[in-house]
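Note that ligands are numbered from 1 as they come in the structure, with each ligand's atoms numbered from 1 the same way. Side chains are part of it too, since the values below use all heavy atoms of this structure and drop only hydrogens, waters and symmetry mates.
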Amino acid sequence: MTAKILDGKAIAEELRNSIKDEVERQVAQGNKRPGLAVIMVGEDPASQVYVRNKKLACEKAGFKDVSEVLPASTSQEEVLALIDKLNADDDVHGIIVQLPVPDHINPEEIIERIHPCKDVDGFHPYNVGRLATRMPQLMPCTPHGVMTMLAKTGIPLRGLNAVVVGASNIVGVPMMLELLNERATVTICHSATKDLAEQVGRADLVVVGVGIPNMVKGDWIKDGAIVIDVGINRMDDGKLCGDVEYDVAKEKASWITPVPGGVGPMTIATLLENTMKVAYQLDC
Ligand code: GUN
């Protein structure tokens, strides 16, 4: 079987266009533009690219960009004070702090300081708890973007054997919760998992987010499985590569996400979607 391509670039573009249209509709009715604050501390090169792309997408969708780039020397107290200011600002509907932060900054304290109703990354323990108790409000962008892509296949998730590889707070754990809430039978694998190949081999749906190039081998994939690759790894030759051995996996899967152009573009589109929901109280 040769897999159908789950085209994240096209799905994200469609989502961004519908968000842009909704913003213009709301503005025409006298409502504010959604305001998004992306805070970056320091100069992590990968973060600089992500933040630039987030700002660009924000402007294209007609949002107000109130992002702040702070020097690496910024103290914990200064970041907390900025968050307090943004929490109190009625023009700001979403606040995110780009991770990773420099070593002297405590990310947990920063995330908890963001008001849960402006936490458009869905990382605040309040929003994690809402998702874990099946009362989701703001959900982490990458896993929620994956759910949007899966909906496009038309395949019901109920009862599928889903295997999530990687147990991070940003991808693996919220992905597990989202799939569980759709009644999939979910296994989550991590660095202490024995027989990863065996776990992956019995999955109807595999979602991989570990950040290790080609870690999941193509011949582990069950015939007809759906393969979602969240990894984006830059190789020595400058090319991007996922966490799944794509060329082999695509001959076994029914659906597969490419890298680049798969999950990546969905993260930013979902960030805009979350921010718009807050701005217009669509369901927050
Ligand atoms: N670093 C990598 N992914 C993310 C994300 O989704 N949000 C934030 N804030 N930082 C990240």
Among protein heavy atoms, which lies nearest [atom], and at what distance?
atom	result
atom 1 (N) of ligand 1	Leu99 O, 2.9 Å
atom 11 (C) of ligand 1	Gln98 NE2, 3.5 Å
atom 9 (N) of ligand 1	Asp121 OD2, 2.6 Å

With nothing but distance in play, are any N or O atoms of Thr142 less than 3.5 Å from an N or O of ligand 1?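 Among all N and O atoms of Thr142, none is under 3.5 Å from an N or O of ligand 1.
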
Where the side chain of Asp243 meets the backbone of Ile212, is there a donor-acceptor pair that is under 3.5 Å apart?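 At least one qualifying donor-acceptor pair exists.
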
Heavy-atom contact check, 4.0 Å cutoff: does Phe123 meet ligand 1?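 Right, Phe123 reaches ligand 1.
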
Under 4.0 Å to a heavy atom of Val97 - the qualifying atoms of ligand 1, by number: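 Within the 4.0 Å cut-off of Val97, ligand 1 contributes 8 (C), 9 (N).
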
Take Glu24 and Arg33, measure what salt bridge (Lys or Arg N to Asp or Glu O under 4.0 Å) needs, and give me the verdict at the end. CA-CA 8 Å; Glu24 293 316 322; Arg33 291 188 179 277; 3.2 Å; yes

The test is side chain to side chain contact (heavy atoms under 4.5 Å, CB included); show your working for Ile110 and Leu80 and say whether it passes. CA-CA 6 Å; Ile110 299 280; Leu80 292 173; 4.1 Å; yes

Please indicate whether Asp237 has more than 12 foreign heavy atoms, meaning atoms of other residues, nucleotides or ligands, lying under 6.0 Å from its CG.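 Above 12, so yes.
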
Take a 6.0 Å sphere around NZ of Lys217 and say whether it holds more than 12 heavy atoms from other residues, nucleotides or ligands.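 Counting neighbours around NZ of Lys217, more than 12 heavy atoms of other residues, nucleotides or ligands fall under 6.0 Å, so yes.
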
